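Written out below as structure tokens is the structure these notes cover.
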Amino acid sequence: HDTIYAFDADLPGTAAIWSVNIGPPWTGYPPASSGIDLYSGLGCLSTPVVDPATNILYASCITGGAWKLYSYNLSDGSPYQSPASFSGVFHGVDFNAAPLSQRSALLLANGNIYTAFYGFEDTGNRYYGWVVAHNATTLQEVAAVCTSCLAGPGTYGGGVWMSGNGPAADASGNVYLAAGNGFQHTSTELDESFIKYSPTLDVLDYATPANFADLDAADADLDSGGVMLAGNFLMGGGKDGRWWSLNKTAMGHLQGGN
């Protein structure tokens, strides 16, 4: 409900050291249609990230229908920078906060905070997956990419939720994640895919299962298990129970296809 708390991890059971209320939680999503109870108010849903070099905590939260990136001094909860907006435009498609939710943990890499979005309960045909980068020092937005919106309005999908897991980054600063349901599957419209981005969010490589249409039809998101890096491999899994181990320097594109 849009309140961030800090506790002393060495003193369990003690009161919060500080807390910050950002504002009223957002209740503007459609009426509940499933057992997922977020309708009483959506606030700071994802796991924040802390920069150990500066002791600044970053959190993505929604209030008043707008997602923003917040930053606080870890010692006392005082603001570090003014909240930053998400306002990406990708190939003529605007970042539209109304149908979006933000569940994946934040990633700090390359001096940037990376934030990934998905469609709140796959709301209609109005959502896309988005990844947005802000400079960690200034909170200025430096890059934004849509996972699957090159075909323009009327397409949808490719949400990045990963059961709350965050994107991963390698030693070169490349960013890895997995995208979920949708119906576009080309080298630039990457639903149901593992994706490798440059630090500035250019697509470098990807892997899409050959049975992506079956995954879409069954609502079997490839990205329900998140991703992790181990040496030269990118690993992850989805709702169909398969575990993928991909060479992150040659991910294979459309598996078994073209």
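A quick note: this is a predicted structure, and the numbers were derived from the prediction, not measured.
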Minimum side-chain heavy-atom gap [X]-[Y] below 4.5 Å:
X      : Y      : result
His253 : Tyr206 : yes
Pro199 : Asn112 : no
Ser101 : Leu45  : yes
Leu106 : Leu69  : yes
Leu229 : Lys248 : yes

Between [X] and [Y], is any side-chain donor less than 3.5 angstrom from a side-chain acceptor?
X      : Y      : answer
Asp76  : Ser78  : yes
Ser46  : Gln102 : yes
Asn55  : Asn73  : no
Thr249 : Asn247 : yes

Would you confirm whether [X], through its side chain, and [Y], through its main-chain N or O, come within 3.5 Å as a donor-acceptor pair?
X      : Y      : answer
Thr63  : Pro24  : yes
Asp221 : Asn181 : yes
Ser224 : Leu222 : no

**Message:** For Lys68, is the NZ atom crowded, meaning more than 12 foreign heavy atoms sit under 6.0 Å from it?
**Reply:**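 Incorrect, the count does not exceed 12.
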**Asked** For atom OH of Tyr5, is the number of surrounding heavy atoms from other residues, nucleotides or ligands below 6.0 Å larger than 12?
**Response**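 Incorrect, the count does not exceed 12.
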**Message:** Before we go on, tell me: are the rings of Tyr197 and Tyr114 under 6.0 Å apart, centre to centre?
**Reply:**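 No; Tyr114 has its ring centre 6.0 Å or more from that of Tyr197.
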**Request:** Carefully, step by step, assess Ile4 and Ser19 under the rule side-chain contact (heavy atoms from CB on, under 4.5 Å).
**Result:** CA-CA 5 Å; Ile4 296 175; Ser19 65; over 6 Å; no
**Request:** Apply side-chain contact (heavy atoms from CB on, under 4.5 Å) to Asp240 and Leu215, showing your working.
**Result:** CA-CA 8 Å; Asp240 68 347; Leu215 297 179; 3.7 Å; yes
**Prompt:** Trp67 and Leu42: side-chain contact (heavy atoms from CB on, under 4.5 Å), yes or no, with the steps?
**Reply:** CA-CA 11 Å; Trp67 286 98; Leu42 186 62; 3.9 Å; yes
**Request:** Determine, step by step, whether Trp130 and Phe95 satisfy the ring pair (Phe, Tyr, Trp, His ring centres under 6.0 Å) criterion, reporting the C-alpha distance in whole Å, the side-chain angles of both residues, the deciding distance to 0.1 Å, and the verdict.
**Result:** CA-CA 8 Å; Trp130 281 90; Phe95 180 95; 5.6 Å; yes
**Message:** Below 30° counts as parallel, above 60° as perpendicular, anything between as tilted: where do the rings of Tyr58 and Tyr80 land?
**Reply:**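 Ring orientation, 0 to 90° scale: perpendicular.
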**Message:** Walk me through whether His134 and Phe86 qualify under side-chain contact (heavy atoms from CB on, under 4.5 Å).
**Reply:** CA-CA 9 Å; His134 289 84; Phe86 295 92; 3.3 Å; yes
